[in-house]
Amino acid sequence: MSEALSFYNTASRKQEVFEPRQPGVVSMYCCGPTVYNFAHIGNLRSYVFEDLLRRTLEYAGLSVRHIVNITDVGHLTSDADTGEDKMEKGAAREGKSVWDIAEFYTQAFMKDWDRLHLLAPTKWTKATDHIPEQIALVRTLQDKGFAYVIAGDGVYFDTAKFPRYPDFAGLDIRGMQEGARIGVVEGKRSATDFALWKFSPRDSKRAMEWDSPWGRGFPGWHVECSAMAMKHLGQTLDIHCGGTDHIRVHHTNEIAQSECATGKPFARFWIHGAWLLEAPEEKASPAGAAASGGAPSAGPTAGPGKMSKSSGEFVTLDVVLKKGYGAMDYRYFCLTAHYRQYLNFSWEALDTARDSLKSLRRKTDPLIGKAAPISSDAALGWQRRFRAAIFDDLGFPNALGMLNLMLKDPDLSDGEKAGLIADFDRALGLDLTVAEVKAEKALPPELSALLDERRAARQRKDWKRSDEIRDAFKAQGFGVKDNPDGTAQWFTL
RNA sequence: GGCGACAUACCCAAGUGGUAAGGGAGAGCUCUGCAAAAGCUUUAUUCAGCGGUUCGAAUCCGCUUGUCGCCUCCA
């Protein structure tokens, strides 16, 4: 196809034309979750964005080697390399071993992944399966003189040896208030230096620790991604993605350690997804249980804020599902905003997405199975516009507009519309070519009997009785609609 | 304190120099005993405010206001 793919590259702060280094094959690494708790829908937004990127690349005819990591080793809760270990904290909270915690939340994460129709990565990589690679990377950095040891603490990366260190994130190191909110690690040469390997404390045994040339300990937070990405995708990746919050610290550090180790650029494109913001009133809905009594702590004037896991209360996909929304409703919701734009989450907004998807499906469902080749000028034109939209930095909200307009085009046959729906859905991933399996409530027998009575009433034009019965249905959460031929249908409201 | 992002109709949200996509909701019409569903029509002389550049600005520049974020961990 003629249209070029182009994406906004965080590294250059510009949109650039994308072409894989190796023709036809894209290497893509996505920072995955630390599995110490459920993912909330804000986390999930990032994976939906990455899925859209992956699908767009494939839509463009490229094959994608897609690696997503599972961070199943605890890091410290602070980048100053102090504080508690999130995994151990999670284990203590639930009275389980860290390994059980990791397994449990990994499974939960993958379940969400599938429910959202995210394409399975080429490979999931676990941090604990790559300890030797991480040690080797730290070793290389030490051999090349980029690391130093702080006795009793760990091996640190010397950011002063990498002059380009602040460039990626546009850091103003002087302006940063070192230690303003976190403790300063004694012995660090620069505030930005970070741990590559941490030594286990002498007085207590950690649940996860490994032998290394420096003694027993555990890897620093950033090495795992560099080690795994390079092992599976080579020293220079085509695309590395994650949430925007990774830019400053995590990705900056990944670049430093990777490029110092190999002498080569680590990733050609850095693509970051924006956050899902949460309206203050939504924060009162804790995961799992229904909100009870807890008034939002934010004042009435507070605006939406970032959804945060550490606050303890957050909305998970399970909560969304339990409230009666479908996973595709949430996926559609993500599709309505550009990935680099904040998206405000509210139940009202999710309602809108659900209604939109519903009415979209009302148009697409009758066309399921009727797909014909896309060959007319009109059909090709829509396809071209759709491609142009998503190839232009993943313009999915725009593409959704194309879909709607296309469905209204009188110059298109149903077959062509069906063909275009199937074509677009390869990128959208909404499963529009498959009939929706709706978990409808079963109709209670007493209502079923009333349906017959209503039919009789309608035949003798007893509109009063007919309407009474319809009200009875409504009272129990069911709707009734009459067909022109005299029959009636019920549906869940 | 330092750095940055955002501000488009009732709501969500595209558009990034050429005269405001799309969706939801609402309204009107058709259909209907009435509804529902569906179809059609309709909803911003205007893009937070104020200046500037330009033949032309929602789009670029400056200032102001408001909101959010980063500078611990976080998608």
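Each chain gets a letter, A, B and so on, in the order its sequence line appears, and its residues count up from 1.
As rounded to the nearest Å, B:U64 and B:G24 have P atoms that lie 41 Å from one another. Only the C1' atoms considered, B:G62 is 16 Å distant from B:U54, to the nearest whole Å. Across B:U72 and B:G66, the matching P atoms stand 26 Å from one another, rounded to whole Å. Across the P atoms, B:C63 and B:G69 are found 24 Å apart, a figure rounded to whole Å. Here the separation of B:U43 from B:A9, taken at their C1' atoms, is 8 Å to the nearest Å. Between B:A58 and B:G1, the distance separating the two P atoms is 34 Å to the nearest Å. Taking the C1' atoms as reference points, B:G18 lies 16 Å from B:U46, given to the whole Å. The P atoms of B:G23 and B:C61 are separated by 32 Å, rounded to the nearest whole Å.
The aromatic rings of A:H250 and A:W221 lie parallel to each other, their planes meeting at an angle below 30°, with 60° marking the opposite boundary.
Between the CG atom of A:D193 and the P atom of B:C71 there is a distance of 18 Å, given to the nearest Å. As a whole-Å value, the separation of A:L343 CG from B:C68 P is 17 Å. For the pair A:I70 CD1 and B:A75 P, the computed distance is 11 Å after rounding to whole Å. Atom pair A:I271:CD1 and B:A75:C1' shows a separation of 15 Å (rounding to whole Å applied). A straight line from CG of A:L276 to C1' of B:C74 spans 14 Å, rounded to a whole angstrom. Rounded to whole angstrom, the span from the NZ atom of A:K358 across to the C1' atom of B:A37 amounts to 11 Å. Whole-Å rounding puts the A:N253 CG to B:C74 C1' distance at 15 Å. Rounded to whole angstrom, the span from the CG atom of A:D245 across to the C1' atom of B:C3 amounts to 16 Å.
Minimum heavy-atom separation, A:L430 to A:R361: O-NH1, 4.0 Å.
With A:H66 as reference, A:R54 is the one residue of A:R54, A:E50, A:H232, A:K123 to meet the side chain to side chain donor-acceptor pair (under 3.5 Å) rule.
With RNA chain B read from its 5' end, the first of the two nearest nucleotides for A:G273 and A:A349 is the one closest to A:A349. Residue whose closest nucleotide on RNA chain B sits further toward the 5' end, between A:H338 and A:R45: A:H338.
In this structure, A:R189 contributes its side chain and A:T159 its backbone to no donor-acceptor pair below 3.5 Å. Panel note: side chain A:N404, backbone A:L400; a donor-acceptor pair is recorded below 3.5 Å. At distances below 3.5 Å, at least one donor-acceptor pair connects side-chain atoms of A:R45 with backbone N or O atoms of A:W275.
The residue A:H272 sits apart from the nucleic acid: no heavy atom pair falls under 4.0 Å. As judged by a 4.0 angstrom heavy-atom cut-off over every strand, A:F333 is placed among residues making no nucleic acid contact.
Residues A:T192 and A:T252 have side chains not in contact (no heavy-atom distance under 4.5 Å, counting atoms from C-beta outward). Using a 4.5 Å heavy-atom threshold, the side chains of A:V480 and A:I469 count as separate.
Within the 6.0 Å centre-distance limit, the rings of A:Y105 and A:F38 are counted as a close aromatic pair. Checked against a 6.0 Å centroid threshold, the rings of A:F386 and A:W382 do not count as neighbours. Between A:Y325 and A:W347, the ring centre distance stays below 6.0 Å.
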For nucleotides 5-9 of chain B, print each protein N/O atom paired with a nucleotide N/O atom at under 3.5 Å, atom names and distance only.
none

Polar-atom pairs under 3.5 Å, protein N or O versus N or O of nucleotides 29-36 of chain B: list them with distances, or write none.
from: B:G33; atom 1: O6; to: A:R458; atom 2: NH1; distance (Å): 2.9
from: B:G33; atom 1: O6; to: A:S466; atom 2: OG; distance (Å): 3.4
from: B:G33; atom 1: N1; to: A:D467; atom 2: OD1; distance (Å): 3.1
from: B:G33; atom 1: N2; to: A:D467; atom 2: OD2; distance (Å): 2.7
from: B:C34; atom 1: O2; to: A:R470; atom 2: NH2; distance (Å): 2.4
from: B:C34; atom 1: N3; to: A:R470; atom 2: NH1; distance (Å): 3.1
from: B:C34; atom 1: N3; to: A:R470; atom 2: NH2; distance (Å): 3.2
from: B:C34; atom 1: N4; to: A:D482; atom 2: OD2; distance (Å): 3.1
from: B:A35; atom 1: N6; to: A:D482; atom 2: O; distance (Å): 3.3
from: B:A35; atom 1: N1; to: A:D482; atom 2: N; distance (Å): 2.9
from: B:A35; atom 1: N1; to: A:D482; atom 2: OD2; distance (Å): 3.4
from: B:A35; atom 1: N3; to: A:R470; atom 2: NH1; distance (Å): 3.0

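Using a 3.5 Å distance cut-off with no hydrogens or angles, the side chains of A:T71 and A:N69 do pair a donor with an acceptor.
Taking 4.0 Å as the cut-off between side-chain N and carboxylate O, A:D355 and A:K358 do not count as a salt-bridged pair.
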Strand RNA chain B as a dot-bracket string - pairs counted if Watson-Crick or G-U with both distances under 3.5 Å, | where the partner lies in another strand: ((((((((.[[[..)..(...]]].(((((.......))))).....[[[[[..)....]]]]])))))))....
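Comparing atom distances between the A:R248 side chain and each of B:G2, B:C68, B:C74 picks out B:G2 as nearest.
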Summary of protein contacts for nucleotides 20-25 of chain B, nucleotide by nucleotide, where a base hit scores B, a sugar-phosphate-only hit scores S (4.0 Å, heavy atoms): -BSBS-
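Under the salt bridge (Lys or Arg N to Asp or Glu O under 4.0 Å) criterion, A:E16 pairs with no residue, sequence neighbours left out. Residues satisfying the side chain to side chain donor-acceptor pair (under 3.5 Å) criterion with A:Q15, sequence neighbours excluded, are A:S6, A:D392.
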